[in-house]
**Student:** 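Below are the structure tokens for one structure; questions will follow.
What you see below is based on every heavy atom in this structure, not just the backbone, and it leaves out hydrogens, waters and symmetry mates. The chains referred to below are lettered A, B, ... by the order of the sequence lines, with proteins before strands, and numbering in each begins at 1.
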Amino acid sequence: MKNQIIDENFLSRLETVSMYMRNPMRGYFGGAHRTKSYGSTVEFADFREYTLGDDIRRIDWNIYSRFEKFFIRLFVDEKQMHVQIFLDGSASMFKGDSDKAKYAMRAAAGLGYLSIRNMDKTSIRVIKGEHVEDMGGVMNGKNAYYQGISELDKMRFGGTADLGVAITGCLNPGYDDGLTVIISDFLTHSDYKKAVDYLLYRRRQVMLIQVLSPEELNPDYNGKRQLLDSESDGILDSRNMKMRINRQTLKIYQQALTDYKQEIQSFCASRGVPFFSVSSSENVEKLIFEKLNEWEVVR
Amino acid sequence: MGMELLIPFGLFGLIGVVGLIIIYILKPKYQEKQLASTYVWELTLKYQKKKIPFQWLTGSLLFILQILMFILLGLMMAFPVFFFGEESGERIIILDASAHMMATYEGQTRFDRAIQEILALADEASEDTPITIILGTDYPIMLIERSTSPAEIRQMLPLANGTFGSINMDAAINLATDVLNQNPDAEVLFFTGRNYPHPGVTTVIDVSRNEWNAAILSVSHSMDENLNIFTARVASYNRDANLIVRLYIDDAERDSRQIRLTSNAEGVVTWGIDAGISSFSKARFVLIDGNTFTYVEDSFPYDNSFYLFGGELERFNVQIISPRPLIMSNAISATGMANITIAPRVLTPDYTLAGDGTNIEDFEVAMSGYQMYIFDGVTPQELPADGAVWIINPQASIPSIGVAFQNIPGTSDLMNLSLVNHPRYGNAILPATAVGTSHTEIIEPLSIFFSPATPQLIAPHLTQIRNVIGALDFTPLLRVEGTTHNALLMRNMEGQRIFVMPFDMHFSNVHGPFLPVLAANMLNYAIIPTSVETLFNIGDSVTLNARPNVMELRVEHPGGLIQTFEHFPATMRPERPGLFEVQQDIIGGSRAIDNFFVRLSNRESDFSLPGDRIPNPVLTGTGTDRREASRTVDILFWLALAFMVFMSVEWFLQYREQN
């Protein structure tokens, strides 16, 4: 298996963990996610008094002999979830630092693999402008997964990405059937909050991963600079700006960045949505095995 | 309180600000930086605006600092000083008495107007507020010093007169300084009709009105291919003028030229006159109103005419007493430099030397009325009453000048002449002098005979010479080479010049090329001019020489004043502009009249001319000027300090920006 996003070592490490849903969801038949409802697995869950219409084969006769009442045995139910990974495909994810795009794709692939390994359905969807492009459609099984990843590998970043419009307008966002992961730098004026609220309204479990490059985290340039936004339409675009950057300005930058991340964090916390801000210089494994594990998204 | 720039030209340093702005405009300002997103920088900008108000100001702080530094440098170069001393009430009044103050407006001169205004101030004189009045002339006068009495001022001030000179402001301020040394807080007032843009601590009170002035600034004469070219430079100040300049030559009107001048403009009019005059003695230029054809009626009439005195030579009357006068008469005629009337006294053909000499009274010889008398081979008993006297080959002693002559044995041998060690020229070989141009030194032409550069000329020599006895008062000019025998002696006797040549010219080659040259210089040298120059400025020293045996010399001033002199050479300083006439009665009953013209300074004619910087008084012992003594702050140090601070801040900001 040769591609730039995943390799065998990465996948073999992912074999050691599983993805968990924090909230019980309806899901689909099959799958490996336990739910609080009772199903037809072999694992015992509880007893319940027999009511008319219950399958008499489930009556526990041993208990009847002791209490002379009919009780039936209940078993744990397991469902299949649909994990949708929305990946920001705008130019800001690639230009300036291609590691940022690589990190985002690797994280998407990793999470997708965890999902596939959990016998869940997986979709990797790239946001471009106000639309969403599916990479390999709904993947079910490893073959479909590998095919989807190879498509993802060919994907080119460019243009803008309106998270709010694209996610709320996409087909088949799902309803009460799994996890939606949004991977972006969130350095955009688009309304990501609207997307999150929409997904929550769809009773989806949501997780945000912000990927920032080291240069965005700690700018190492100063002096008089004309800053050109990779998504700008030309030199006169209002996103381009002239700055006199000095030590004081850099301090303020750090403050602004911290506040912005804090704002996303607060928003997510108020809705029970996990939010992770990572540097593209870090390993994706650190995200999956430490941060997601900390939040018990994977175990 | 006020501020003054002692060197306003220093403000030219502010041009550097323009240069700085141009540099800032031209230099590349921002380097491009490609970023994935500028979203955080947008937030940063909002934070900056919230956190640091006037961010635009801090962004341009370096530029602002640099402009401030340039302004400081410019100010420092302009040498600013602040003064905030309060006046004590004492006044030092400098009254401008220069010529332009004589300009009249509605019947009153600027000077009279200033007097009136000062008299109004005189009432405020008291023990606490004394008044000093300095008359500002070429040589300023302390008219009234710290007077506390209005009555005294009222009595003294009308005695002051205006002058036609200029004001020596430095000297006037020096006089004011004497008072300021006693009270540094005294106020200095300067009453003048001129605009002084840089008055310093002096308060200038302008007493001018709407005066205007048309003036002839200068005139000249030259010859160009037999044309007499006359030019006059004229100007009109404070008014446009239509002027006519009329030219009179020897009191006869010759021609007029019209010229239109805008206010404060100068122009030149020129005449080329060929007929009628080969020389002239006096040319007069007069300004006429081009509209009314009358004399110009401006506020200042003293420069409306100008005189120029020509090169017409005085008519020489020369009397030659000689047995053979042709040599001398031809020599004098050959000079061609003057109208010469030769009055030879030819001796009878049967003339012979008799005994110890020939008595001059035997002949009809005039002893007065000539400008030059040449005695050749005859000896005068008495000297003529006037004119120069040239005694050649005297045959007897001359008691009136105390000299006698003695034959020298063996002088028939050929003897060369040599120059005497002259006090001015020594024995140096002198440059050849053109005929007729040497007015003061008769010895000069002799040099051509001694110059090795002219070998074709034979050195003058003679064969017979007589020894001169008793000639201690004479200056030897020529001497027989290698001997002590003088061949040419000269003496000044109260304006009468006497030459003695104790050898027979007929037994020498002196009468060859030598004599015309010598004669020409002698003619020039014979008559001492009444005044060497004919054009003077107000206040110039004029030296007047009297003619021989003239006892009294009278000078009539333009205003009609008669001044007499009895000791000569006499010196006078003209104080009024115009034509001066010098009269002297000479022996024989005739009256010699000479003229000279005294002009005004062009600066005084120019009413539009701003005054020079008025110096600030420097008080004795303090080493500082008057303002400093009266709590003046020289802010140069503080400006330099601010400059240093700004420079340090600028360096710091530069460092911070680059690190």
**Student:** What's the separation between atom CD in Gln31(B) and atom CG in Asn222(A), rounded to the nearest 0.5 Å?
**Tutor:**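 Between atom CD of Gln31(B) and atom CG of Asn222(A) there are 9.5 Å.
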
**Student:** Give, as side chain, backbone, both or neither, the part of Thr249(A) having an atom under 4.5 angstrom from any heavy atom of chain B.
**Tutor:**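 Both parts, backbone and side chain.
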
**Student:** Please report the interatomic distance CZ(Arg225(A)) to CD(Gln34(B)), rounded to the nearest 0.5 Å.
**Tutor:**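 Those atoms lie 12.5 Å apart.
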
**Student:** Taking all non-hydrogen atoms of both residues into account, name the closest pair between Thr38(B) and Leu228(A) and its distance.
**Tutor:**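 Closest pair (atom of Thr38(B), atom of Leu228(A), distance): CG2-C, 4.2 Å.
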
**Student:** So for Tyr253(A), is it side chain, backbone, both, or neither that comes closer than 4.5 Å to the heavy atoms of chain B?
**Tutor:**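 Both parts, backbone and side chain.
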
**Student:** Can you name the closest pair of heavy atoms from Met241(A) and Leu45(B) and give their distance?
**Tutor:**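 Minimum heavy-atom contact is CE-CD2, 3.6 Å.
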
**Student:** Is it the case that over 12 heavy atoms from other parts of the model lie below 6.0 angstrom from the OH atom of Tyr221(A)?
**Tutor:**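 Yes - once you tally the heavy atoms of other residues, nucleotides and ligands closer than 6.0 Å, there are more than 12.
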
**Student:** At their closest point, which heavy atom of Tyr30(B) faces which heavy atom of Lys224(A), and how far apart are they?
**Tutor:**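 Nearest pair, atom of Tyr30(B) first, then Lys224(A): CD2-CB, 3.5 Å.
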
**Student:** Measuring from atom CD1 of Ile252(A) to atom OH of Tyr47(B), what distance do you get when rounded to the nearest 0.5 angstrom?
**Tutor:**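 Separation between the atoms: 10.5 Å.
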
**Student:** Evaluate the side chain to side chain contact (heavy atoms under 4.5 Å, CB included) criterion for residues Glu42(B) and His189(A): first the C-alpha distance (whole Å), next the side-chain angles of each, then the deciding distance (0.1 Å), finally the verdict.
**Tutor:** CA-CA 11 Å; Glu42(B) 279 181 45; His189(A) 290 283; 3.2 Å; yes

**Student:** Can you name the closest pair of heavy atoms from Ser37(B) and Glu216(A) and give their distance?
**Tutor:**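 Heavy-atom minimum between the residues: N-OE2, 4.3 Å.
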
**Student:** So, for Lys100(A) and Ala36(B), which heavy atoms are closest and what is the spacing to 0.1 Å?
**Tutor:**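 So the two residues come closest at NZ-CB, 3.9 Å.
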
**Student:** Rounded at 0.5 Å granularity, tell me how far CD in Glu32(B) sits from CD in Gln226(A).
**Tutor:**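 One finds 5.0 Å between CD of Glu32(B) and CD of Gln226(A).
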
**Student:** Centroid separation under 6.0 Å, is that true for the rings of Tyr39(B) and Tyr260(A)?
**Tutor:**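 That pair passes the under 6.0 Å test.
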
**Student:** Among Lys242(A), Gln254(A), Glu231(A), single out the residue with the greatest number of heavy-atom pairs under 4.5 Å to chain B.
**Tutor:**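 That would be Lys242(A).
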
**Student:** Show your working on side chain to side chain contact (heavy atoms under 4.5 Å, CB included) between Gln48(B) and Gln248(A) and close with a plain yes or no.
**Tutor:** CA-CA 9 Å; Gln48(B) 260 188 338; Gln248(A) 177 70 14; 5.7 Å; no

**Student:** Assess whether side chain to side chain contact (heavy atoms under 4.5 Å, CB included) is satisfied between Trp41(B) and Ile245(A), documenting all intermediate values.
**Tutor:** CA-CA 10 Å; Trp41(B) 283 113; Ile245(A) 301 167; 4.0 Å; yes

**Student:** Answer yes or no: does atom CD of Glu130(A) have more than 12 heavy-atom neighbours from other residues, nucleotides or ligands under 6.0 Å?
**Tutor:**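 No, because the 6.0 Å sphere around CD of Glu130(A) holds 12 heavy atoms or fewer from other groups.
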
**Student:** Report the distance from atom CD of Gln255(A) to atom OG1 of Thr44(B), rounding to the nearest 0.5 Å.
**Tutor:**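 Going from the CD atom of Gln255(A) to the OG1 atom of Thr44(B) covers 10.0 Å.
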
**Student:** List the atom of Leu187(A), the atom of Val40(B), and the distance in Å for their closest heavy-atom pair.
**Tutor:**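 Between these two residues, the closest heavy atoms are CD2-CG2, 3.6 Å.
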
